[in-house]
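Reading through the structure tokens given below for one structure.
Every chain is numbered from 1, with letters handed out A, B, ... down the list of sequences. In this text, all values refer to a predicted model and were calculated from it rather than measured experimentally.
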Amino acid sequence: MLDVESSQRVERGPSTVPGTEDLVINMGPQHPSTHGVLRVILKMDGETVTDVDCDIGYLHRGTEKIGENITYTMFIPYTDRLDYIAAPSSNLAWVQTVESLFDWEIPPRALFIRSMVAELSRIASHLLWLATHALDIGAMTVFLWCFREREMVLDLFERAFGARLTVNAFRLGGLFQDVPQEFLDDTRAFIEIFPSRIDDYETLLTENRIWLQRTQGVGVISAEDAMDLALTGPILRSTGVQWDLRRAKPYAAYPFLDFVVPVGENGDVYDRYLVRVEEMRQSTRIIEQCLDMLPDGPVSCKTPRTIKPPAGEVYHSIENPKGEFGFYLVSDGTETPYRVRIRPPSFINLAGLKKLSVGGLLADVIAIIGSIDIVLGECDR
Amino acid sequence: MPELVIILVKILVAFGALILIAAYMTWMERRVFALVQVRYGPNRVGLAGLLQPIADGIKLMFKETIIPDRADKFLFYFAPAITLIPALAAFAVVPFGDTVTIFGKKVDLLIADVNVGILYIFALSGMGVYGVVLGAWASNSKYPLLGGLRSSAQLISYELSLGLSLLGVVMISGTLSLKGIVAGQANLPYIFLQPVGFLLFLVCMIAETNRAPFDLPEAESELTGGFHTEYSSMNFATYFLAEYCNMVTFSAVAATFFLGGWRGPILPPVVWFLLKILAFMFFFMWLRATTPRLRYDQLMAFGWKVLLPLSILNVIATAVIIVMFDL
């Protein structure tokens, strides 16, 4: 697993002069701060990190292969288990990918509900990120405060779709059924409370001296490097690149919605924090607009009983809370896909870990892993 | 003979109380945390969860002791004791009440009136770190090793400032005995004469007791538990008891040096003393609930570049004022 240089150093054998040796630390897959079953092999000189190696695959379930053997509709619940922190976002990516093979007209009510639920899932995802990221850096209270609000979002999911984590929110052609009025009322109640709760988190962190010391100038990446590594999502936007698929390639109801794509300047852990916190505020705005503009009407277009897309291939991606989440789909005209390829944001963003953390301290690696915001479900697929 | 009985009773009562308070501080900490974090905390075992520490203690006693394969067994068992014993013993010189008359005998409410009391406390608190470092080293495992290294680095950065921050008080009172220092605060607590010293001591004592935001040796999210990663059962509990005893002892020292010790109006001295300890303990918990953790190098820089110069300046300023006004 280690690089060539170090193996050569070992081959030289024991020298007569007492020297120093790098300390190899195996962090994970059972470590409190690797956010799931990520294994990181760190080579350290004292507490300074000299090399980072990621070992992934502990959560590999062969989702892509499974996709080849089941129908398009049956695959929707499997997408719940990709980015399980924000399951509706994964649902949306898959559903839209399949729909783009047809020329269906999705009813506007379904589009607005999709956008709204996707933004709720963004809030849920960012809340979990903030909770664990702050906990990694030692701020325990933020963790429980964030979970209090995430609980409210999960209750909303339960109200609309009957499940909290693996919601299976959308269907090909629209929604399974219309959302109940209580869901809309509760969502409005939630977005009225939520901005003040974001203020609470910011009171604890944004101007906290220790938080600033721990995050500013840590894990810095330039816009060029970020683009070379194909990093997407908040980590790219923190470098100042205004790239958001909701803007760049609008889908669902986003063309009708007014929101700001927040960007950072320095590309460090602190800017990623600021970008995500601002995204939560913007999501609240989007949800409010969706509620105000929500048209009446059906929530699903007429779809055939068996979904058989015309032969062809398509790549479609959406702005998941973590970055660009896409599906590359090849259809051979039968009931099951010929090939399903997932473009997972966590997997690709995680590739930037080495670039971000070499030269930092052990404590920085923890902060950086947190700031990348990975979820191993989609990373390992 | 009665002398000996009195001393033994004092030792039993004081240490018993110390261990009990330390155990109940775990309950208090969890309740305070729950208060900050909008949840309930332990409230099931006994009234308001008051039996929780006892339940935890019993549970830990019955747990299996796991020793890593290549650990140094003797040190591995012995290290927690090295941490606990100084934490308890340091309390011996802290006066927890005025002189009382029992059965016609005058009894000082402190175990030993050592005339170099403060040096004794420093010596013992310095010892406590050996337990952490040795325990970490004896585990023969990487995370504890890093925790132990951090602990020793932290000790070097803080012990100096800790000593210097109390020097101002010693200069004003002219004694190293804690009893004498309490006696010197009959009119005015030293917090008003030594505000900078008080703040410095407050910061150093958090570092000394390995508490957030300076809890780097254990740093759960980085080192999976730091020096006590490999510890289980009563050995683990011993470390924790030691940490809380240390907190109580240092709270007592802070109260003695800056807040007039057991002095206070209306209420009996012992109650005042306990209240002051509780106030400091609450401060410890409040801080842990609301602050993130500093980084290793930042903590060292803070210790050497901010705390040490400040405490030296404080000592010099105090000395100059004492000489100028001939106090």
Counting only heavy atoms not in [X], do more than 12 fall under 6.0 Å of its [atom1]?
X	atom1	answer
A:Phe347	CZ	no
B:Lys142	NZ	yes
A:Tyr84	OH	yes
A:Arg188	CZ	yes
B:Trp27	CH2	yes

Tell me, do [X] and [Y] make a side-chain contact under 4.5 Å, heavy atoms counted?
X	Y	value
B:Gln298	A:Ile210	no
B:Tyr143	A:Ile25	yes
A:Gln213	B:Arg295	no

Which atoms of [X] are under 4.5 Å from chain B, going by heavy atoms: the side chain, the backbone, both sets, or neither?
X	result
A:Arg214	both
A:Met27	both
A:Trp145	side chain

Against chain A, residues from residues 231-245 of chain B with at least one heavy atom under 4.5 Å, in numeric order, are none
Contact list (residues 356-363 of chain A to chain B, heavy-atom gap under 4.5 Å, by number) returns A:Leu361, A:Leu362, A:Ala363
Given A:Asn26, A:Val142, A:Leu23, A:Asp364, the one with more heavy-atom pairs under 4.5 angstrom with chain B than any other is A:Asp364
- prompt: Just by modelled atom types, is the B:Ala289 backbone N or O under 3.5 Å from a matching donor or acceptor in the A:Thr141 side chain?
  reply: yes
Most heavy-atom pairs under 4.5 Å with chain A, out of B:Leu149, B:Thr290, B:Val38, B:Leu146, belong to B:Leu146
Residue pair A:Leu144, B:Arg39: steps toward the side chain to side chain contact (heavy atoms under 4.5 Å, CB included) verdict: CA-CA 9 Å; A:Leu144 281 128; B:Arg39 56 193 176 90; 3.6 Å; yes
From the list A:Leu212, A:Asn208, A:Thr215, side chain to side chain contact (heavy atoms under 4.5 Å, CB included) partner of B:Pro292 resolves to A:Asn208
